[in-house]
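Below is one structure, written out as structure tokens; comments come after it.
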Amino acid sequence: TATASLNAQPEGANYDESKVPEYILPALLVGNDGSAVSGRQQWERRRKEIYDLFEREVYGAVPAWRGKITATEISHRQDALGGLALRREIRLRMQNGDKSRDVFLLLYLPRSRKAAPVFLGYNFSGNHTVTAEKDVHISPSWVANNKELGITDNRATEASRGSRASAWPLQDILSRGYGVATLYYGDVDPDFDDGFKNGVHALFDQPRDSASWGSIATWAWGLSRVMDYLEKDPAVNAKEVFVIGHSRLGKTALWAGASDRRFAMVISNESGCGGAAISRRKFGETVSRINTSFPHWFCDNFKKYNDKEETLPVDQHELIALIAPRPVYVASASEDLWSDPRGEFLGAKNAEPAYRLFGLRGLKTDEMPAPEHPVGDFIGYHLRTGKHDITRYDWTQYLNFADRHFPGSAAR
Ligand code: GCU
């Protein structure tokens, strides 16, 4: 389960830097036809080539959506978080024909502003886990069993209320003038391999093939549907919606940011394999490990690269490059070797040429920084001391990064 994996350092993986194979990364600025990419227009073409490869070989393609989505506010408070925030819960009912699925959005907005910049990200265990506030609805969806959280029959209860509050420092975020929009990722697609029958998959009727979407692409699609809603909500500044995610949800945030340019900034917290980390390093989690443990996360084509990372037509630096010229932040934790901190740094580093095409600077360093030394201009990076998690320290850096890139948003 998500929480059980938090501190895991699985065995049988390579954690020895000297055993990283030599590799050559796919060239970011060389087109499929071998031509060099220099200007922004050429980049736009190259970007499409790279995007198409990720879509076909890694995350999978989203089928056409023929349904509709209806938003209904189901709760509203003027005095949340001790008076700091407005809090709303919104049900997004996704419907196609006679099939429907409800997704619940929890929205905290600073009372101090009219149209707030917002961090949008999934939570792992239900909206009621991000806050101790007693009146946030408990997720009715399937959740992974978890003894610590008192979940034994795949249903969340009061026992998990507030259990992930440390991952969502709402006081900090709201008092700095930012809002938070969060939803449970299992509302969109429960995180287990069921042959793509449940979650929103039930609302699509296209047959699957080897390039059809896996769950990461499905979760990313869900974030875009939330964005559709946020664009219509006058309390949100839709030009300043920052997509954020930790771990598998960090992979999701990167793919969402690559797929949907309405996200003004992208934050990947310890996204590791299939996220920011270079696959060719085979350090920590590898393509074959991830495809074996989580056969539903990627498209079936990705399995062709099990133990053959060097044959991938892309590597993850190119995923980060797809976000250019928007600011992107990649973060690692020192004890989280499974996610390959150095590989994440190198993913960020090797995305720089795309930013350079826009005259923008990336990390502003060639060396991986020491812990607690955030670096970077349009590509932010830090290594935090400690384990696989998203903490107040991490959020502080993201808030600083947002203040820097969106100075109009910084709390006045
Ligand atoms: C597992 C998985 C990782 C993932 C992590 C998480 O450890 O192997 O790829 O990032 O779970 O989501 O916490």
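Start at 1 and go down the list; that is how both ligands and their atoms are numbered.
The Lys251 neighbourhood of ligand 1 comprises atoms 3 (C), 4 (C), 9 (O), 10 (O), with distances under 4.0 Å to a heavy atom of that residue. Atom numbering of ligand 1 starts at 1 in the shown order; those under 4.0 Å from a heavy atom of His388 are 6 (C), 13 (O). Less than 4.0 angstrom separates some heavy atom of Ile290 from each of these atoms of ligand 1: 9 (O).
At least one cation-pi condition fails for Arg404 and Phe401: the charged atom is not both under 6.0 angstrom from the six-membered ring centre and inside a 45 degree cone around its axis.
For the residue pair Gln95 and Ser100, no side-chain donor N or O sits within less than 3.5 Å of a side-chain acceptor on the partner. When only modelled atom types and interatomic distance are considered, Asn400 and Arg176 share a side-chain donor-acceptor pair under 3.5 Å. Remark: the Ser339 side chain and the Asp336 side chain contain an N/O donor-acceptor pair separated by less than 3.5 Å. Counted by atom type alone, His296 and Asp191 present one or more donor-acceptor pairs between their side chains at under 3.5 Å. If you check the side chains of Glu133 and Tyr108, you find a donor sitting under 3.5 Å from an acceptor.
The side chain of Trp297, and not its backbone, has at least one atom closer than 4.0 Å to an atom of ligand 1 (non-hydrogen atoms only; side chain from C-beta on). Contacts between His246 and ligand 1, counted as non-hydrogen atom pairs separated by less than 4.0 Å, are absent for every part of the residue.
Of the polar atoms of Ser271, none of the N or O atoms is found under 3.5 Å from an N or O of ligand 1, judged by distance alone.
Nearest to atom 4 (C) of ligand 1 by heavy-atom distance, out of Ala13, Gly274, Ser247, Ser293, is Ser247.
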